[in-house]
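Contents: one structure, followed by commentary.
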Amino acid sequence: MRLAGLSVDVDSVASHLEGYGFERPQDDGSAYSTAVPRALDVFDRVGARGTFFLIAEEAEKHTDTVREIVRRGHEVASHSMTHGLPFANLTEERSRSEIFDSKVLLERISGARIDGFRAPSWDAGADLIAELERAGYRYDASAYPSILLPLLRRAIASRSAGGAVRTVSGLWDGVFGRTGPHRLTVGNRTIYEIPVATTPILRLPYYHTMSYVLPGPAFRLIGIAARARRCPISYQFHAVDFLDTAQDDLDERIARHPGMELSLSTKLTLAQDCLQRLGRARQVVPLREIVDSLDRPPAGRLST
Ligand SMILES: [Zn+2]
């Protein structure tokens, strides 16, 4: 059965608000205390395993939850140390800390090896892959090879305080890059890129935020086209997909984020439906297992 990588970016409400141009408030902890346990329960119900991309500095305050993620068979990966934005514009020293130190810290608190990285807001600079290779990562999951990326950034800016874009990687960088998981060579080493799933030809992105911003039939058609591809695909959630603005007493400014107007029960049903559709077409696995499958020699060519 073909593979679908599942991932959750465990972004705090505070880090989202910073992305929308506000001064970053104190983290309310809801991503770990509330969203991750709900995501784990939904994944268990549908028999899916996935990768949780954690902001190391926030994860360090919730080590029990981090260990629970690993205990229940999922992968922990790095979503940087602090979710500093714009990520592609950080100084070399700060960037190294975000990439290298987050790996060390997450390995310590999770007790598991950290293989994967996703840049905050998909904001991957030109040196990212070389830095990941130096830090010992096996794969990157920051690519968003879709024409919608520049439009998405404009949409975020239009909802932001002050209308500023908090990302700097060239608007068209990667838009026309490869859409399936692939190898990149850095020096004499290999690192894998696992882009967000897209449809063939039109490159419409298939990830959970789209389920809120598109009409239902359009999202379902995109899903059908993306799931029918031959290559492994990668489907992404955010922690806030498992939070309710009112019920969880969140900072009301998060209401500007897609899906935050929906009730918790509606969101959990939607998440479960999306996962069930994915699970009928593909085996749903952590992103590391996509890398493992690409790393394996093709059947029949095994040397003895
Ligand atoms: Zn993020």
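In listed order, ligands and their atoms are each counted from 1.
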H83: which N/O/S atom is nearest the Zn ion (ligand 1)? NE2
Name of the H79 atom (N/O/S only) found closest to the Zn ion (ligand 1): NE2
Examine K103 relative to Y137 and say whether NZ or CZ is less than 6.0 Å from the centre of the six-membered ring and inside a 45° cone about the ring axis. yes
Could you check whether R38 makes a cation-pi contact with F242, meaning its NZ or CZ is under 6.0 Å from the centre of the six-membered ring and within 45° of the ring axis?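 Relative to the ring axis of F242, which defines the angle, R38 lies outside at least one limit.
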Please find out if less than 6.0 Å separates the ring center of Y206 from that of F219.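 Judged by ring-centre distance (under 6.0 Å), Y206 and F219 do meet the cut-off.
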Are F87 and H83 an aromatic pair by the rule of ring centers under 6.0 Å?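 Ring-ring flag for F87/H83: false, centres at least 6.0 Å apart.
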Under 2.8 Å from the Zn ion (ligand 1), is there an N/O/S atom belonging to D9? no
